[in-house]
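Read the numbers this way: they start at 1 and go in the same order the structure lists the ligands and their atoms. Owing to the predicted nature of the structure, the values given are computational and were not obtained by experimental measurement.
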Amino acid sequence: MAEQFDVVIVGGGQAALAASYFLRRTGLRYVILDNGTQAGGAWVHGWDSLHLFSPASYSSLLGWPMPDTPDGGYPTRDEVLDYLHRYEARYAPPIRRPVTVGRVERAGGKFLNIRTNAGDFLSRAVIGATGTWSVPFVPDVAGHEFFGGTQIHSAHYQSAAPFAGRRVLVVGGGNSGAQILPEVSLLANATWVTLEDPVFLPDDVDGRVLFERATARVLGNAGAMPTGGFGDIVMVPPVRAAKARGVLHAVRPFVRMTATGVVWPDGREEAIDAIIWCTGFRPALSAFAPLDVIEPDGLIHVNGQQAIREPRLWLLGYGSWCGPASATLLGAGRVARSMVRQLAGWLASPTQDVR
Ligand code: FAD
């Protein structure tokens, strides 16, 4: 017989921890189902030298702040992982691992049926917190299938070592490309490929300012803020050093791939050994598809965090489309606070509008 809950959280990364922090005070019965084998969500898969783009004080979940790094700088992947492990140990949220949610379906009446490899769960509400790491995006470039060299997405990149001495393209003008290009360029003949000239933030602008910008934009006060956003490149120390070395210049994309390389817009063909795609991610929403909530744009449309086509489904993390800066540590906490208040109110209301 399926276990019953008020709320099931699908995914056990930082967004789930943020929701759990507020849910535990509500008295609602809830569980977190995560297919990872340890704490940390996507951070477990980050590359070895990954740096956050804000200091620890701006990179914390609510309740217990991330300790400052010894040098007061930007925390590394390992420091974030350590923090999330300790955060879990401190609050002991009800997480079950590894449990993969395959499908979330309507169960009739008041419940959703959450089908997993560890059996079925019934719940009055589901919070989707599955993140984006499992759906890396690679653009559909002509000839993609013929390329015989190495292709890797930043989702699976660990370090520059395997690229030593090779001719490498780093594709993508966001923070991933901007952090990976510098270290690859130390060992390989690397070229940075971006759609447009990358936008570098001033050295004194980091995640702190970006949080405020994202929030202002969502609240409709963007006119009061300087322009810029999460896509702009934060000058963390390795990026700053690369700029000083003169390696941070970018060229426009190749038009096609061949068996041995790429063809540039001027028709020139070049032999390439490896391409590192730093081209972003899409939200991991496929488990919710049976609810018929995924729109042609690939998103689930929400009012705040509540799915418009299925009010029992709530979404946290993913990106600013489901809450200001909600894909970040600080943003997830802020959004979770208001989301859990609304979710608890909705569950307590006698007139839940469900199909
Ligand atoms: P995730 O961490 O991806 O967690 C989701 C969990 O759900 C995972 O454990 C996954 O395995 C699990 N899951 C997925 N599908 C299922 C399923 N069907 N069933 C069960 N479990 C499932 N953030 C900041 O706050 N500050 C920064 O400075 C910062 N810098 C960044 C720099 C880079 C280069 C990158 C790439 C990201 C950065 N981030 C930063 C982003 C961010 O914090 C992550 O995207 C974050 O991991 C998102 O958390 P999440 O909980 O939403 O998702």
Is the closest N or O pair between [X] and ligand 1 shorter than 3.5 Å?
X	answer
Trp47	no
Asn35	yes
Leu330	no
Ala16	no

If the plane angle is over 60° it's perpendicular, under 30° parallel, otherwise tilted; pick one for His144 and Trp277. tilted

Taking the basic N atoms (NZ, or NE/NH1/NH2) and the acidic carboxylate oxygens, is any pair closer than 4.0 Å for [X] and [Y]?
X	Y	answer
Arg282	Asp297	no
Glu269	Arg256	no
Glu79	Arg77	no
Arg29	Asp6	no
Asp273	Arg167	no

I'd like to know if Gln14 contacts ligand 1, where contact means a heavy-atom distance under 4.0 Å to any ligand atom. yes

Measure Val99 to ligand 1 on non-hydrogen atoms and call it side chain, backbone, both or neither using the 4.0 Å cut-off. backbone

Taking non-hydrogen atoms only, is Asp34 closer than 4.0 angstrom to ligand 1 via side chain, backbone, both or neither? both

Check ligand 1 against Gly12 and write out every atom of the ligand that is under 4.0 Å from a heavy-atom position of the residue. 6 (C), 7 (O)

